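Hydrogens, waters and symmetry mates play no part in the numbers below; they use all other heavy atoms, side chains included. Bear in mind that the values here come from a model prediction, so they are computed numbers and not experimental data.
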Amino acid sequence: MLDAFSRSVVSADAKTAAVGAGDIAALRQYVAEGNKRLDAVNAITSNASCIVSDAVTGMICENTGLIQAGGNCYPNRRMAACLRDGEIILRYISYALLAGDASVLDDRCLNGLKETYIALGVPTQSAARAVAIMKASATAHIGETNTPALGGTKFRKMETAQGDCSALVAEAASYFDRVISAVA
Ligand SMILES: CCC1=C(C)/C(=C/C2=NC(=C\c3[nH]c(/C=C4\NC(=O)[C@H](C)[C@H]4CC)c(C)c3CCC(=O)O)/C(CCC(=O)O)=C2C)NC1=O
């Protein structure tokens with residue numbers, strides 16, 4: 001598992017080179033914007049159960065066969081496994097966002113996940129849909145674009161300093177997209 005710092009070292013070493021000026025500039029940015037990154041991670045972790053349950057509910061609303069006999073969220077044991085998988089995936093995305101590197105997500109969560117899903121008959125398109133809804137909700141919390149209309153009775157605005165967090169929203173979005181392309 002790598003983070004933004006160890007990633008620079010590993011790639012410099014692979015070229016038998018010193019850490020380059022470009023890498024140092026990127027790391028300087030990572031440090032300078034560290035508090036924003038922590039706020040972004042907090043936006044995910046402190047809303048995790050809401051993000052997961054909302055996404056799984058949305059996925060089922062769009063495809064109610066999932067909770068009928070023969071569906072992969074039926075019976076409760078499978079429903080629980082599905083919610084748990086949503087929590088696992090979101091947790092590894094929060095680690096990747098903290099580290100500024102996708103390797104923890106790739107190595108410890110996504111490696112072999114599609115094969116596991118196929119073997120168990122978990123519908124991968126539905127799993128990808130749940131992750132896409134988690135992406136919409138998590139990026140809205142990070143970018144503070146969440147609105148009462150979208151949040152409904154669960155609406156919650158994160159209390160963070162003003163500033164541009166578009167880069168972190170894009171980075172977080174890329175980890176969700178990574179999960180979607182790994183399972184779909
Ligand atoms: C290291 C990280 C890690 C991951 C990622 C992981 C995933 C994972 N999900 C599993 C099952 C499962 N995963 C789901 C998930 C879903 N079903 C649906 O219809 C939805 C599309 C979706 C939820 C969004 C279900 C229902 C099962 C149980 C399938 C079964 O037993 O028939 C299993 C099989 C073992 C078990 O049931 O616990 C694994 C290993 N386990 C881990 O330790």
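- Annotation for Lys157: atom NZ counts as buried by contact number, over 12 foreign heavy atoms lying within 6.0 Å.
- Residues Leu168 and Phe5 are members of separate hydrophobic clusters, defined by side-chain heavy-atom contacts under 4.5 angstrom among Ile, Leu, Val, Met, Phe, Trp and Tyr.
- Remark: Cys50 SG to Arg156 CZ distance equals 9.0 Å, nearest 0.5 Å.
- Atom CD1 of Ile60 sits about 4.5 Å away from atom SG of Cys73, to the nearest 0.5 Å.
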Could you give me the CA-CA distance, side-chain angles and deciding distance for Asn63 and Ser126, then say whether side chain to side chain contact (heavy atoms under 4.5 Å, CB included) is met? CA-CA 8 Å; Asn63 180 3; Ser126 296; 3.8 Å; yes

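- For the atom pair Phe155 CZ and Leu150 CG, the distance stands at 9.0 Å (nearest 0.5 Å).
- A continuous path of hydrophobic side-chain contacts links Ile51 to Met79 [ILVMFWY only; heavy atoms under 4.5 Å].
- Looking only at atom types and distance, the side chain of Asp106 has no donor-acceptor partner in the side chain of Ser103 under 3.5 Å away.
- When all heavy atoms of Ala173 and Lys135 are compared, the closest pair comes out as CB-CE, 3.8 Å.
- Within the structure, the salt bridge (Lys or Arg N to Asp or Glu O under 4.0 Å) test picks out the following pairs touching residues 52-65 (sequence neighbours left out): Glu62-Arg129.
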Yes or no on side chain to side chain contact (heavy atoms under 4.5 Å, CB included) for Val183 and Val131, after CA distance, side-chain angles and deciding distance? CA-CA 10 Å; Val183 298; Val131 175; 5.6 Å; no

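- No side-chain donor-acceptor contact under 3.5 Å links Asn47 to the backbone of Ala138.
- Within the model, atoms OG1 of Thr124 and CD1 of Ile118 stand 6.0 Å from one another, a figure rounded to the nearest 0.5 Å.
- Linking ILVMFWY residues whenever their side-chain heavy atoms come closer than 4.5 Å, directly or via other members, places Ile88 and Val179 in the same cluster.
- The hydrophobic clustering, which links ILVMFWY residues whose side-chain heavy atoms are closer than 4.5 Å, places Leu105 and Val10 apart.
- Minimum interatomic distance between Gly151 and Asn146 (heavy atoms only, all atoms of both residues): N-OD1, 4.1 Å.
- Side-chain contact check for Tyr74 and Arg78: no donor-acceptor pair (N or O, by modelled atom type) lies under 3.5 Å.
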May I have the step-by-step check of side chain to side chain contact (heavy atoms under 4.5 Å, CB included) for Met158 and Asp39, ending in yes or no? CA-CA 9 Å; Met158 299 306 293; Asp39 282 341; over 6 Å; no

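- Between Pro123 and Asn72 the shortest heavy-atom distance is CD-CB, 3.4 Å.
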Starting from the C-alpha separation in whole Å, work towards a yes-or-no answer on side-chain hydrogen bond (donor to acceptor under 3.5 Å, both in side chains) for Asp3 and Ser6. CA-CA 5 Å; Asp3 55 45; Ser6 48; 3.2 Å; yes

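- In this structure, CG in Leu110 is found 8.0 Å from CD1 in Ile93, a value given to the nearest 0.5 Å.
- A distance of 9.5 Å separates CG in Leu38 from CG in Leu97, rounded to the nearest 0.5 Å.
- Of all heavy-atom pairs between Ala55 and Ala130, the closest is CB-O, 3.3 Å.
- Under the 4.5 Å side-chain heavy-atom criterion for Ile, Leu, Val, Met, Phe, Trp and Tyr, Ile133 and Val56 are members of distinct hydrophobic clusters.
- For Ser53 against Leu83, the heavy-atom pair with the smallest separation is CA-CD2, 4.2 Å.
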Which pairs would a plain distance check flag for residues 24-31, meaning a side-chain donor or acceptor within less than 3.5 Å of a matching protein atom at least two apart in sequence or in another chain?
| from | atom 1 | to | atom 2 | distance (Å) |
| --- | --- | --- | --- | --- |
| Tyr30 | OH | Leu98 | O | 2.7 |
| Tyr30 | OH | Ala99 | O | 3.4 |

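- Although no hydrogens or angles enter the test, the distance criterion places a donor-acceptor pair under 3.5 Å between the side chain of Thr139 and the main chain of Ala136.
- Residues Cys82 and Met59 approach most closely at SG-CE, 4.0 Å, considering heavy atoms.
- A donor-acceptor pair is defined here as one N or O able to donate and one able to accept, closer than 3.5 Å; such a pair exists between the side chain of Lys36 and the backbone of Asp164.
- At a threshold of 4.5 Å between non-hydrogen side-chain atoms, the residues Thr45 and Tyr95 do not count as touching.
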